[in-house]
Amino acid sequence: MRIFTKSTRAAVLALSALAATTALAKDAGDITVAVVPKVAVPFFDDCNTGAQEAADALGVKYQWVVPQNTQGSTQVKIIEDLMARHVDGIAISVNEPKSVEGIINQAVEAGIAVLTFDSDSANSNRSMYIGTINEEAGATMGRSMAEALDGKGKVAIVTGQLGASNLNERIDGVKKALAEYPDIEIVATEGTEDDLARAVSVTEALLRANPDLSGIFGISQVGGPAVAKVLAQKEFNDRAGVIKVFAFDDLPDTIKGVEEGYIDGIMVQRPVTMGKLAVEHLVAQIQGEETNPQDVDTGVTVVTKDNLGSYTK
């Protein structure tokens, strides 16, 4: 694997910026951008909506390329294919940050604008990251749980892919917040590969193994729906409303869980905004209009029953 020093990285970025200026002669209709999500889940449908709207508004060609699994090698192959198709820009939500570093660097060296959204590969030569600052979002989630538990109790974490950087940053934020509450103990952290059926099984096992569990964090988008489904079961229904539940992302089943009292709060990201900004920034970089890109924090909103009908994304 090629190792990039600071000077090499600067040279590569300078070359990519120079290459990008050559696209000034291109009409918007001759520009092709591709957006690559982590996997096919509803959260990324919202990203696609925002990205497609931006592409249509700017008049550029647009490709939405969905991996069939969460393996890093799959996204590597997708970027290789996009390079072979000579796209002008790629926005990617990264499954395994280390796995894609090399291919992102190769794409940048080839003059393709590359940025990340939702989930980063911070050590690659991507131009910028657009999305939630996940550690801060996790800290907000942790503080919300601590307040709901009055600062004491046993909690469990249900996440998605164990190697996903954005999810691990959220977990780091949760732990950072809970460090201020010594009477709250994290008793388990379980992965689900972002599969709902697996998340349901994991949650059932957690509740059976921990009859005194006080709270559950749904770190990825399947966590909220899974916990709501489990607490609605006859076996566990007496714990509904007793166990405090905080989740990420406003899927219909997660919103329903809030309405029915199974979920106390949702950390709602802004996926439509992520997709829209990803395409807009790619095109600006390709056309040489954005030469010093900076990361963009799209933020989160804590959604409860009180503001369920009034939040935006």
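Values in this document were obtained by computation on a predicted structure and should not be read as measured data.
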Exercise. Examine Phe43 and Val272 and state if one hydrophobic cluster contains both, with Ile, Leu, Val, Met, Phe, Trp and Tyr joined whenever side-chain heavy atoms are less than 4.5 Å apart.
Key: no
Quiz item: Under a 4.5 Å cut-off applied to non-hydrogen side-chain atoms, are Arg126 and Val94 in contact?
Solution: no
Quiz item: Side chain of Asp295, backbone of Tyr129: donor and acceptor closer than 3.5 Å?
Solution: yes
Quiz item: Closest heavy-atom contact between Ser121 and Thr116?
Solution: N-CG2, 3.9 Å
Quiz prompt | With Glu193 via side chain to side chain donor-acceptor pair (under 3.5 Å) - residues at least two apart | solution = Thr70
Quiz item: Cut-off 3.5 Å, side chains only: do Gln269 and Asp249 have a donor facing an acceptor?
Solution: yes
Donor-acceptor list for residues 174-188 side chains, cut-off 3.5 Å, not counting sequence neighbours:
none

Self-check item: Nearest-0.5 Å distance, CZ of residue Arg198 to OG1 of residue Thr203
Solution: 12.0 Å
Quiz item: Side chain of Glu235, backbone of Val230: donor and acceptor closer than 3.5 Å?
Solution: no
Quiz item: Taking Val35 as the fixed residue, which of Val66, Val65, Ile92, Val279 is the one that meets the side chain to side chain contact (heavy atoms under 4.5 Å, CB included) rule?
Solution: Val279
Self-check item: Check: Thr304 and Val258 side chains under 4.5 Å, non-hydrogen atoms
Solution: no
Self-check item: Where Gly257 and Ala228 come nearest, the two heavy atoms and their spacing
Solution: CA-CB, 4.2 Å
Quiz item: Applying the 4.5 Å side-chain criterion to the ILVMFWY set and letting contacts propagate, would Val39 and Leu251 be lumped into a single cluster?
Solution: no
Practice problem: To the nearest 0.5 angstrom, please state how far the CG atom of Asp172 sits from the CG atom of Leu167. | Solution: 11.0 Å
Practice problem: Look at the side chain of Asn210 and the backbone N and O of Leu213, then say whether any donor-acceptor pair between them is shorter than 3.5 Å. | Solution: no
Quiz item: Judged by atom type as modelled, is there a donor-acceptor pair below 3.5 Å linking the side chain of Thr74 to the main-chain atoms of Asn69?
Solution: no
Quiz item: Do Arg170 side-chain atoms and Phe248 backbone N/O form a donor-acceptor pair below 3.5 Å?
Solution: no
Quiz item: Taking all non-hydrogen atoms of both residues, which atom of Val283 and which atom of Val33 are closest, and how far apart?
Solution: CG2-CG1, 4.3 Å
Exercise. State plainly whether one hydrophobic cluster holds both Ile243 and Ile157, where clusters connect Ile, Leu, Val, Met, Phe, Trp and Tyr through side-chain heavy atoms under 4.5 angstrom apart.
Key: no
Quiz item: Does NZ in Lys61 sit with more than 12 non-hydrogen atoms of other residues, nucleotides or ligands closer than 6.0 Å?
Solution: yes
Quiz item: In chain order, what residues pass the side chain to side chain donor-acceptor pair (under 3.5 Å) check against Lys244, with sequence neighbours excluded?
Solution: none
Quiz prompt | Ion pair check, Lys98 and Glu101, cut-off under 4.0 Å | solution = yes
Practice problem: Give, for atom CD1 of Ile133 and atom CD of Glu169, the distance between the pair rounded to the nearest 0.5 Å. | Solution: 8.0 Å
Quiz item: Considering only heavy atoms from C-beta outward, does the side chain of Ile90 approach that of Ile112 to under 4.5 Å?
Solution: yes
Quiz item: What distance separates Met128 CE from Leu115 CG, expressed to the nearest 0.5 Å?
Solution: 6.5 Å
Practice problem: Find out whether Lys38 and Asn166 are in side-chain contact, i.e. whether some heavy atom of one side chain is under 4.5 Å from a heavy atom of the other. | Solution: yes
Practice problem: State, with a plain yes or no, whether a side-chain heavy atom of Leu82 is found less than 4.5 Å away from one of Gln63. | Solution: yes
Quiz item: How long is the gap from NZ on Lys229 to NZ on Lys256, to the nearest 0.5 Å?
Solution: 7.5 Å
Quiz prompt | Stepwise side chain to side chain donor-acceptor pair (under 3.5 Å) check, Asn105 with Glu109 | solution = CA-CA 6 Å; Asn105 294 344; Glu109 283 187 277; over 6 Å; no
Self-check item: Smallest separation among heavy atoms of Val76 and Ser99, with atom names
Solution: CG2-O, 3.4 Å
Quiz item: So, do Thr301 and Arg270 sit near enough that their side-chain heavy atoms are less than 4.5 Å apart?
Solution: yes
Quiz prompt | Thr254 (side chain) donor-acceptor with Asp250 (main chain) under 3.5 angstrom | solution = no
Self-check item: Trace of the salt bridge (charged side-chain N to carboxylate O under 4.0 Å, His left out) decision for Asp81 with Arg85
Solution: CA-CA 6 Å; Asp81 290 345; Arg85 290 186 226 163; 5.0 Å; no
Practice problem: State whether the side chain of Asn237 and the backbone N or O of Leu231 hold a donor-acceptor pair below 3.5 Å, judged by distance alone. | Solution: yes
Quiz prompt | Val36-Val87 co-clustered via ILVMFWY side chain contacts under 4.5 Å | solution = yes
Exercise. State, to 0.1 Å, how close Gly163 and Asn168 come at their nearest heavy-atom pair, and which atoms those are.
Key: C-ND2, 3.8 Å
Quiz prompt | Short side-chain to backbone donor-acceptor contact, Asn307 and Val302, under 3.5 Å | solution = yes
Quiz item: Are any non-hydrogen side-chain atoms of Val245 and Tyr262 less than 4.5 angstrom apart?
Solution: no
Quiz item: Distance-only, no hydrogens or angles: does the Asp27 side chain make a donor-acceptor pair with backbone N or O of Gly29 under 3.5 Å?
Solution: no
Quiz item: Which value, rounded to the nearest 0.5 Å, describes the distance between Asn95 atom CG and Ser73 atom OG?
Solution: 10.0 Å
Exercise. Taking all non-hydrogen atoms of both residues into account, name the closest pair between Ala137 and Val300 and its distance.
Key: CB-CG1, 3.9 Å
Quiz item: Hey, any chance Leu149 and Met267 share a hydrophobic cluster, counting ILVMFWY side chains that come within less than 4.5 Å of each other, even indirectly?
Solution: yes
Quiz item: Just by distance, do the side chain of Gln75 and the backbone of Pro37 share a donor-acceptor pair under 3.5 Å?
Solution: yes
Quiz item: When you look at Val158 and Ile216, which way does the side-chain contact (heavy atoms from CB on, under 4.5 Å) test go after all the steps?
Solution: CA-CA 7 Å; Val158 177; Ile216 297 178; 4.0 Å; yes
Quiz item: Are any of the side-chain heavy atoms of Asp118 and Cys47 separated by less than 4.5 Å?
Solution: no
Quiz item: Any chance CD of Glu147 has more than 12 other-residue heavy atoms, nucleotides or ligands included, within less than 6.0 Å?
Solution: no
